[in-house]
Amino acid sequence: MEGKEAEELRSRARKKGEMAWRAVEYKTTVYKDSKQPNPPVYFIHLDSKTSSPPRPPPPPPPPPTPLTRQVLSLAGGSYLPSPNTPFVLLASHYIFPSSSSSEIHIERTQKQKTPLLILPNPHHKNTTNSIIFISLVLVTCIALSAASAFAFLFFSSSSSSPSVPPTEISSASLQTTARPLTKLNHSVVLLISSDGFRFGYQFKTPAPNIHRLIANGTEAETGLIPVFPTLTFPNHYSIVTGLYPAYHGIINNHFADPKTGELFTMASHEPKWWLGEPLWETVVKQGLKASTYFWPGSEVHKGSWTCPQRFCMFYNGSVPFDERVDTVLSYFDLPDSEIPVFMTLYFEDPDHQGHKVGPDDPEITEAVAGIDRMIGKLIDGLEQRGVFEDVTIIMVGDHGMVGTCDKKLIFLDDLAPWIDISTEWVQSYTPLLAIRPPPGLAPSAVVAKMNEGLQSGKVQNGKHLKIYLKEELPSRLHYTESDRIPPIIGMVDEGFKVEQKRTNKQECGGAHGYDNAVFSMRTIFIGHGPQFARGRKVPSFENVQIYNLVTSILNIQGAPNNGSVSFPSTVLLPNPS
Ligand SMILES: [Zn+2]
């Protein structure tokens with residue numbers, strides 16, 4: 001169900017505040033409208049997880065999973081079929097409404113897509129008219145099914161890769177190649193970051209706009225994996241350079257240059273700190289335009305990027321989110337050749353609230369709803385300009401969030417019987433403990449003493465902190481190859497915090513910065529646009545892959561980076577040959 005009709009239904013449902021029924025598993029959205037006595041019949045294509053292009057190789061298909069009550073309720077729906085329910089869903093090959101419970105079971109019996117019908121519920125105060133109506137629809141359905149089954153058999157016998165039947169009733173779900181642009185004359189990528197948007201926040205509240213992007217786009221099924229340390233500046237800069245922090249130089253939100261002792265802070269804009277080539281630089285280097293409405297590193301003049309006044313906003317957290325969205329939308333009112341082909345848009349929420357109250361608090365729910373409203377405003381503005389389907393929206397976060405509380409503290413002063421850790425050695429405490437001991441004191445000796453103390457059983461929560469020489473950190477963290485990384489790194493367990501000494505302050509809140517293998521540090525990845533298949537799920541991946549994804553969509557040459565060259569072809573629809 002695409003186009004005007006669908007949108008009308010959606011907005012009517014939104015206005016009435018009615019619950020939406022979402023067949024989450026297949027990213028098909030169905031809206032209930034009980035005020036409509038004789039609803040029209042809609043053909044909807046189930047855009048299943050297996051709907052990937054024949055080339056490149058798709059991710060391994062997940063096992064068929066019944067759509068459980070839990071999933072439905074997460075998505076804000078409930079089902080069926082009670083005599084009071086005016087509609088039923090029918091799709092002969094997929095949908096089996098259970099008669100004994102309120103669950104709807106969706107089972108995959110074939111790989112091909114099958115039309116899904118929404119019909120008036122025959123048990124719902126029936127009328128002769130609707131029986132005739134249903135019968136007609138069923139006859140049509142059977143005829144169409146037979147036709148497509150025939151077509152499927154016919155074409156699969158002459159084709160070696162029939163994972164998607166070549167004939168479809170609607171072309172919307174037939175996605176073997178990228179959809180053509182209809183209004184813009186060049187691909188445009190809008191990269192949106194919602195700071196600290198932990199994976200799973202999208203289920204805290206209905207978030208219809210974010211879910212619209214998910215339903216009609218491609219999502220990292222279990223979230224986007226941040227880089228270590230899971231902090232704001234290192235991650236935002238990894239997203240736009242494709243480099244791990246050891247290689248792009250922003251190894252922490254603040255650190256000292258080991259040679260000069262100079263301090264890097266989040267307000268440092270000198271190019272010497274910011275290594276690698278961020279996307280805005282890559283884009284302008286090729287004669288195209290880029291714009292940044294806030295992003296760590298965007299104010300830095302690097303190569304061809306001069307942070308032009310018109311397209312580069314200097315960070316100011318007090319600018320209302322609405323104003324940011326309005327400005328980005330205004331770029332689409334420019335003459336075609338002036339529209340930046342790469343744009344960033346940044347929101348501080350829900351990170352801001354997460355630190356204060358932790359991830360499980362009504363304040364977070366409200367912040368997520370606020371971000372969703374901004375996505376809705378953006379979509380509306382793009383639709384008004386007729387470019388929503390042309391623009392590639394990539395929505396990400398930089399990291400997740402986990403609750404912390406004062407019972408989960410580790411104090412460095414407690415290590416005094418083994419070694420005195422001076423505050424002057426410590427560059428950052430928590431969750432990334434980074435220590436540079438003075439010259440003359442061997443880092444390996446400090447590590448040994450600290451671990452001895454922590455493992456002695458005599459230090460409060462000692463077993464939740466492990467100290468490493470940076471060269472001995474697990475290689476998956478990629479956190480060794482930079483002089484800026486202090487020689488001693490402490491890895492603290494999820495939710496624990498390191499402090500120098502005991503104080504009276506009571507603290508409960510949220511933090512991030514932990515091992516990037518920790519699930520609570522994951523964030524979201526949603527891609528929506530001509531090269532992203534609708535309703536597709538891909539396995540989780542690290543955010544260093546996004547750089548190549550963007551250069552691939554824009555069809556421009558990127559700089560060398562830590563992402564995989566072949567990654568984009570596993571996520572994007574190929575351009576028609
Ligand atoms: Zn952040």
Side-chain angles (χ1 to χ4, degrees), residues 191-202 204 210 220 223-241 243-245 248-255 264-268 273-274 278 292-299 313 315-319 321 324 344-361 363-364 367-368 370-371 374-375 394-404 428-432 434 477 479 492 494-495 497 509-526 542-544 546:
L191 179 62
I192 305 170
S193 166
S194 171
D195 203 310
F197 197 113
R198 171 173 162 168
F199 179 76
Y201 277 3
Q202 67 271 33
K204 277 185 178 283
I210 291 171
L224 178 67
I225 304 169
V227 295
F228 179 80
T230 52
L231 296 168
T232 299
F233 267 51
N235 272 278
H236 275 99
Y237 206 51
S238 284
I239 291 167
V240 293
T241 57
L243 296 169
Y244 292 111
H248 67 48
I250 309 303
I251 53 115
N252 200 333
N253 286 340
H254 54 92
F255 57 89
F264 170 87
T265 72
M266 290 187 274
S268 300
W273 299 111
W274 305 82
T292 53
Y293 211 121
F294 303 160
W295 202 277
S298 60
E299 298 100 328
M313 302 299 156
Y315 182 68
N316 173 1
S318 67
V319 178
F321 291 175
R324 305 179 195 189
T344 71
L345 174 59
Y346 170 80
F347 302 115
E348 291 84 352
D349 292 357
D351 181 75
H352 170 69
Q353 295 82 357
H355 283 289
K356 226 171 34 169
V357 295
D360 298 304
D361 186 281
E363 247 192 85
I364 295 289
V368 169
I371 292 297
M374 288 304 113
I375 299 299
I394 296 179
M395 183 178 179
V396 296
D398 51 347
H399 52 73
M401 186 68 68
V402 69
T404 55
S428 68
Y429 279 93
T430 197
L432 179 68
L477 299 174
Y479 201 61
V492 64
E494 181 183 23
K497 284 166 76 175
H512 54 88
Y514 300 93
D515 189 339
N516 65 340
V518 171
F519 192 73
S520 60
M521 294 298 105
R522 285 204 191 170
T523 179
I524 49 163
F525 173 92
I526 308 163
E542 284 189 316
N543 66 18
V544 293
I546 293 173

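Because only heavy atoms are used, hydrogens play no part in the values below, and waters and symmetry mates are left out as well, while side chains stay in. Remember, it's a predicted structure, so these values are computed and weren't measured experimentally. Note that ligands are numbered from 1 as they come in the structure, with each ligand's atoms numbered from 1 the same way.
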Side chains of His248 and Ser238, donor plus acceptor under 3.5 Å: yes
If we ignore angles and hydrogens, is there a donor and acceptor under 3.5 Å between the side chains of Thr230 and Asn516? no
Could you tell me whether the side chain of Phe197 reaches within less than 4.5 Å of the side chain of Ile210, counting heavy atoms only?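 Yes - at least one pair of side-chain heavy atoms lies under 4.5 Å apart.
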Identify, with sequence neighbours excluded, every residue that meets side chain to side chain donor-acceptor pair (under 3.5 Å) alongside [X].
| X | answer |
| --- | --- |
| His355 | Asp351, His512 |
| Asn235 | Asn543 |
| Glu363 | Lys356 |

For the Zn ion (ligand 1), check which protein N, O or S atoms are under 2.8 Å away and list them. Asp195 OD1, Thr232 OG1, Asp398 OD2, His399 NE2
